[in-house]
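So you know, we letter chains A, B, ... as the sequences are listed, proteins then strands, and number each from 1.
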Protein chains: 2
Amino acid sequence: MAKTSKEKSKTYHHGDLKQALVDGAVRRVEQNGVKGFSLRAVAGEVNVSSGAPYHHFRDAQALLTAVAERGFRQLNMALNTASEAAGTYPDKLAGIGTAYVLFALEKPQLFALMRQPEYWTGPDAGALQEARAATYGALASVVDGCLPEETETARKDACMAAWSFVEGLALLATDGRLQTLSPDEAPEDIARRLVGCFSPHSFSKGDQQ
Amino acid sequence: MAKTSKEKSKTYHHGDLKQALVDGAVRRVEQNGVKGFSLRAVAGEVNVSSGAPYHHFRDAQALLTAVAERGFRQLNMALNTASEAAGTYPDKLAGIGTAYVLFALEKPQLFALMRQPEYWTGPDAGALQEARAATYGALASVVDGCLPEETETARKDACMAAWSFVEGLALLATDGRLQTLSPDEAPEDIARRLVGCFSPHSFSKGDQQ
DNA sequence: CCTCGAATCTGAACGCCGCTTAGATAGAGC
DNA sequence: GCTCTATCTAAGCGGCGTTCAGATTCGAGG
């Protein structure tokens with residue numbers, strides 16, 4: 001029997017503590033960031049002793065890894081939706097890039113956690129790595145679809161360049177540097193505009209300089 | 001009288017504790033990252049009680065702000081050197097972009113600290129903000145020099161796009177994602193190649209695609 | 001239905017952390 | 001030489017992650 005979060009802890013066993021911990025951790029990270037997260041606080045929030053989480057997660061980092069994994073799943077859904085919504089490949093590219101930056105803007109703290117390499121190394125990061133690979137795959141396939149026939153390395157370079165650009169945009173957007181461009185414009189609109197300027201063709205020819 | 005780090009603490013007053021703390025903090029951050037940093041450990045390293053640093057820094061974050069500031073000064077020197085070494089503006093652009101990524105690759109932990117917004121907000125971040133602005137200015141002026149005459153917003157957009165791309169490259173390079181392109185190639189070489197592919201012209205025309 | 005092993009949770013403890021405070025010490029200006 | 005102020009120490013507070021022995025409950029097999 002599942003318990004709602006409000007009702008007092010009557011049962012010695014929680015029932016679904018693992019999921020409750022991830023839920024609480026996600027909420028705390030989204031509100032206060034990784035720095036404002038503590039395993040004890042999350043445990044207290046679900047009326048459980050400070051040692052209880054260790055029956056479900058090897059340590060605090062493992063719980064945060066689960067949080068990041070959930071973040072990647074949400075991100076992948078957003079990217080797929082945006083990609084399928086567009087008809088032509090250039091539109092897909094603009095759409096998926098914009099969706100990436102918008103996700104970062106909507107959940108900046110969660111996105112910052114997802115960017116930390118320490119959570120996708122480690123022994124409990126298998127599912128996370130899978131979700132991360134899917135994210136890159138989604139973007140790469142769209143970029144690849146925009147490219148003319150080229151050498152293998154040129155295609156790969158273009159994918160990586162697009163990845164870099166979008167990741168950089170998301171980074172600048174989340175910590176407000178994008179807004180220094182035009183303070184009156186909404187950061188979402190700036191992001192849309194800059195993503196739209198990107199053309200993978202300019203990266204697929206190495207001698208363009 | 002300055003003390004070397006090795007000799008035992010004989011004097012009650014340290015002499016130049018503030019600088020010694022920054023030195024120790026830089027060393028610790030470069031070796032173990034921000035997570036492996038603690039104010040107590042740095043204090044102990046320079047043979048000083050755990051409360052002493054608070055006479056020179058308001059809190060641990062203020063010390064890390066000083067660390068980040070020193071990092072930005074080093075980065076700015078590297079960027080200026082690279083920019084002046086090249087003759088033509090396209091060469092300057094490739095040089096400064098490469099220098100940026102190479103700095104990130106040489107000091108990844110320090111660079112990761114410099115990327116955290118929490119250190120350049122706050123009341124003790126004046127000098128840091130100045131150094132950060134100089135970093136952006138150096139890149140922006142070089143990008144601007146590469147551009148043909150355009151509208152003001154187009155030039156600004158191109159600068160921001162270049163900024164995003166380089167920042168994204170540095171991010172991907174430092175956490176190893178760049179190496180997935182070609183595992184046999186040195187990350188420095190991949191970075192050089194991708195930076196070289198970038199052309200600001202492709203961003204200065206919004207209707208290209 | 002009952003029993004017993006395994007899974008789960010508690011409560012207390014350890015060591016480390018950031019930060020504060022009261023008081024000791026040393027250098028600087030008169 | 002004396003005082004004033006900056007600097008440093010020692011001790012302590014609460015919070016943290018983590019561990020562990022023991023209490024509690026679940027669930028499978030008799």
Q. Using 4.0 Å as the upper bound for N to carboxylate O, is an ion pair formed by K92(A) and E84(A)?
A. no
Give every pair of a protein N or O atom and an N or O atom of nucleotides 18-22 of chain C that lie under 3.5 Å apart, one pair per line with the distance.
| unit_1 | atom_1 | unit_2 | atom_2 | d |
| --- | --- | --- | --- | --- |
| dG18(C) | OP1 | L39(B) | N | 2.7 |
| dG18(C) | OP2 | L39(B) | N | 3.2 |
| dG18(C) | OP2 | R40(B) | N | 3.0 |
| dG18(C) | N7 | R40(B) | NH1 | 2.4 |
| dG18(C) | O6 | R40(B) | NH1 | 2.9 |
| dC19(C) | OP2 | Y54(B) | OH | 3.1 |
| dC19(C) | OP2 | A60(B) | N | 2.8 |
| dC19(C) | O5' | Y54(B) | OH | 3.4 |
| dC19(C) | N4 | R40(B) | NH1 | 3.3 |

Rounded to whole Å, the CG-P distance (D16(B) to dA6(D)) equals 17 Å
Taken to the nearest whole Å, NZ/K18(B) to C1'/dC8(D) is 16 Å
Check your understanding: Is D23(B) salt-bridged to K18(B), cutoff N-O under 4.0 Å?
Key -> no
From CG of N32(B) across to P of dC17(C) the rounded distance in Å is 12 Å
Quiz item: Do R73(B) and E69(B) meet the salt-bridge criterion of a basic N to acidic O distance under 4.0 Å?
Solution: yes
Checklist entry - Can T135(A) and N76(A) be counted as having a side-chain donor-acceptor contact under 3.5 angstrom? => result yes
Charged N to carboxylate O below 4.0 Å: is that the case for R28(B) and E45(B)?
yes
Practice task
Answer with yes or no whether the side chains of Y100(A) and E167(A) bring together a donor and an acceptor at under 3.5 Å.
Solution key: yes
Respond yes when some side-chain nitrogen or oxygen of H56(A) is under 4.0 Å from OP1 or OP2 of dC9(C), and no when none is.
yes
